[in-house]
Amino acid sequence: MSLVSDLMDQPGVVAAGDFAYRGDQYYHHKGDLSAADTRLISSLCRSNVAAVRMEGDMLAMFSRVCQPGAGGCGFAPTKGWVMHGKSRSVCVISNVYCVIDNERGSLGKVLGMMRDRLADAPDS
């Protein structure tokens, strides 16, 4: 079964899908979003992934954040991001996104599943 399908089986997951790193394309989507909203969220996720990667690179340059000789800061490679709102959250790891209803779902469980399944995903 695909990760997108497995995410949709989790309590509180409203939508899930994967997107292209370049362009405004998405490959798979499931959930209760219109086609226009699906294009919008996949574009938003792709844009935020690029921004978060840049922020991770900048954080890696600060010596106050990193311990010299510790093998890096721990920010690279940047694998994803989370936006936690009052009633919904969006989490992205690699090129997979998930929209969660905070009242009905567990952000921790969903992130854990995504981290486990996408641990070796390419970062392109």
For Asn48 and Val92, run side chain to side chain contact (heavy atoms under 4.5 Å, CB included): C-alpha distance rounded to whole Å, both residues' side-chain angles, the deciding distance at 0.1 Å, then the answer.
CA-CA 9 Å; Asn48 279 353; Val92 175; over 6 Å; no
Could you check Met113 against Leu3 for side chain to side chain contact (heavy atoms under 4.5 Å, CB included), going step by step and ending with a plain yes or no?
CA-CA 9 Å; Met113 175 188 281; Leu3 176 56; 4.0 Å; yes
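In terms of the side-chain hydrogen bond (donor to acceptor under 3.5 Å, both in side chains) criterion, residue partners of Asn102 (sequence neighbours excluded) are, by chain and number, Ser89. Asp101 pairs by the salt bridge (charged side-chain N to carboxylate O under 4.0 Å, His left out) definition with Arg104, not counting sequence neighbours. For the side chain to side chain contact (heavy atoms under 4.5 Å, CB included) test, residues two or more places apart in sequence or in another chain that qualify with Arg88 are Val14, Val99. Under the rule for a side chain to side chain contact (heavy atoms under 4.5 Å, CB included), the partners of Met8 that lie at least two apart in sequence or sit in another chain are Val13, Ala16, Lys30. Qualifying side chain to side chain contact (heavy atoms under 4.5 Å, CB included) partners for Ala36, counting only residues two or more places apart in sequence or in other chains: Ser34, Arg39.
Summarising the geometry, atom CZ belonging to Arg46 is positioned 12.0 Å from atom CG belonging to Asn95; distances are rounded to the nearest 0.5 Å. With rounding to the nearest 0.5 Å, the separation of SG in Cys45 from CE in Met83 is 9.5 Å. To the nearest 0.5 Å, atom OG1 of residue Thr38 and atom CG of residue Asp32 are 9.5 Å apart. The CG atom of Asp116 sits 9.0 Å away from the CD1 atom of Ile93 when rounded to the nearest 0.5 Å. The distance from atom OG of Ser87 to atom CD1 of Ile100, rounded to the nearest 0.5 Å, is 12.0 Å. With rounding to the nearest 0.5 Å, the separation of OG in Ser106 from CG in Leu111 is 8.5 Å.
Closest non-hydrogen pair, Val49 versus Ser94, comes out as CG2-O, 4.1 Å. Closest of all the heavy-atom pairs between Cys91 and Val110 is SG-CG1, 3.9 Å.
Hydrophobic clustering (side-chain heavy atoms under 4.5 Å, transitive across Ile, Leu, Val, Met, Phe, Trp, Tyr) keeps Tyr97 apart from Leu40. Linking Ile, Leu, Val, Met, Phe, Trp and Tyr whenever their side-chain heavy atoms come within less than 4.5 Å leaves Val4 and Met114 in two separate clusters.
Side chains of Phe19 and Ile41 form no contact here, defined as non-hydrogen atoms less than 4.5 Å apart. Side chains of Leu107 and Val82 form a contact here, defined as non-hydrogen atoms less than 4.5 Å apart. Looking at heavy atoms from C-beta onward, His84 lies out of side-chain contact with Val90 at the 4.5 angstrom threshold. Residues Lys79 and Leu118 form no side-chain contact, since every pair of their non-hydrogen atoms from C-beta on lies 4.5 Å or further apart. For the pair Leu7 and Val96, the minimum side-chain heavy-atom distance is below 4.5 Å.
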